[in-house]
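Just below is one structure, and these are the notes that go with it.
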Number of protein chains: 2
Amino acid sequence: MDVRTLCLGALMGGEATGYEIRKMFEDGTFSHFQIASLGSIYPALTKLTQDGLVTFVEHEQENRPDKKIYQLTSEGRRSFLRTLLQTRPGEDRYRSDILFMLTFAEEMPLELTEALIDEFAARHQMMSQQIDPDKDDGTDAQGSRWHDEDGNPKPGCCFVAGLGQAMCDATLKFIRENKQGLLDQLKNYKANKS
Amino acid sequence: MDVRTLCLGALMGGEATGYEIRKMFEDGTFSHFQIASLGSIYPALTKLTQDGLVTFVEHEQENRPDKKIYQLTSEGRRSFLRTLLQTRPGEDRYRSDILFMLTFAEEMPLELTEALIDEFAARHQMMSQQIDPDKDDGTDAQGSRWHDEDGNPKPGCCFVAGLGQAMCDATLKFIRENKQGLLDQLKNYKANKS
DNA sequence: GACTGCATGTAACCGGTTACATGATTCG
DNA sequence: CGAATCATGTAACCGGTTACATGCAGTC
């Protein structure tokens, strides 16, 4: 799934600037299962504009670059929906340096192992909080992206958010239950070696 | 974490061919949290050989390209350990086209939604089975990578495997408990719209 | 005073994927 | 008879990251 498609999807929830789209992938709605950086989003939006899939209105701002508020065109919407129906989803890929490093826990000092686990836990804790579908991104006047025009929560979003949270919670739970055990095993393991 | 480091890590468990290393990332030990394709592994091994971090012995085979069995040099081992101690682990990144698509469940036919969920579940089921630390890759004469020379299981590996499995199981559980609910909600949602 | 947030944009670079080339064997 | 498995290797290509450029406002 390329950045262009991701941007179209982001705009399905309503208008947004490039900067705001990045936030959806950094902090927001999509943060736990997709990523996209500004350096790829801006060119993507330019391309989409050329192709007639999005339009933007320029809002002048003092002391800042003009804000470009993007919106799907009806063709953009149709195009995205077509993609949705036709695309065979790519494989899920989860990459974690921390888990890779932890595979070699025997080879590092105990403190490092513990630090890595703690960091892993901290990241998941943060993710879990960011996902929370009830928080609803707060003050947004026109209603958040989790809800449609009538204020009904979107089932798809809730399901995906719930799933993300379940994964985070499971991770956290596992760490709570197994961290000390691992540390103890490592102590024994190292004692046996010497 | 680049492919070179990944290859060094893979060889920490003992000697292997490029083809076997790919398998560790495709099916095996590392499959649930790192990926690497042959097109990047072979060049990486060549580079590592040039740098003196790995060596290989060529085993002739009939009707096949010679098999190159790679092995860490002592410098390769030291270098990997240094990397392990010095590297700030990169962010975990989980990318899932399916979850992205499911965010827009309202916009697609119910059957597609269900198919996507089922596929998601099937993939995680498979992952869960692949991880299983007890299976121990079976017939391997010199013992699998989950165990050290004395046959003791490596705590780091077990921990990471367990964590992977906990995540898979949580995913599967969530789907079991919420799939039908989502489908029902979508039915209502669509009925209300029309 | 330094850093973060808002806000856009460009371009070099780089790493990895994909596809191709080769070829016997085994399984369904 | 086609597909998958074993087994290595090269190279074009492409997508995205990183870094740079610009600049003000607010906070620590």
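Numbered from 1 within each chain, the chains take letters A, B, ... in sequence-line order.
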Please give the remaining members of the hydrophobic cluster of A:Y42, linking ILVMFWY side chains under 4.5 Å, ordered by chain and number. A:Y19, A:L38
Rounded to whole angstrom units, what separation is found between the [atom1] atom of [X] and the [atom2] atom of [N]?
| X | N | atom1 | atom2 | result |
| --- | --- | --- | --- | --- |
| B:E26 | C:dT17 | CD | P | 10 Å |
| B:L38 | C:dT18 | CG | P | 12 Å |
| A:E91 | C:dT17 | CD | C1' | 13 Å |
| B:E20 | D:dA7 | CD | C1' | 10 Å |
| B:Y19 | C:dG23 | OH | P | 18 Å |
| A:I41 | D:dT18 | CD1 | C1' | 15 Å |
| A:R22 | C:dG9 | CZ | C1' | 14 Å |
| B:E58 | D:dT8 | CD | P | 10 Å |

Within the 4.5 Å heavy-atom criterion, are A:T103 and B:F33 side-chain neighbours or not? yes
Report yes if some heavy atom in the side chain of B:E106 is under 4.5 Å from a heavy atom in the side chain of A:P155; otherwise report no. yes
Examine B:Y70 together with B:F56 and report whether their ring centres are nearer than 6.0 Å. yes
Can B:K47 and B:D51 be counted as an ion pair, charged N to O under 4.0 angstrom? yes
Is a salt bridge present between B:E75 and B:R82, judged by a nitrogen-to-oxygen distance below 4.0 Å? no
Distance below 4.0 Å between B:Y42 side-chain N/O and D:dG9 OP1 or OP2: no
B:T17 near the nucleic acid: base, sugar-phosphate alone, or nothing, with a heavy-atom cut-off under 4.0 Å? sugar-phosphate
How long is the straight-line distance from CZ of A:R95 back to CD of B:Q34, given to the nearest 0.5 Å? 5.0 Å
On DNA chain D, more 5' by nearest nucleotide between B:Y70 and B:R93 is B:Y70
Given protein heavy atoms under 4.0 Å, the one-letter contact record of nucleotides 11-16 of chain C, with B base, S sugar-phosphate only and - none, is simply -----S
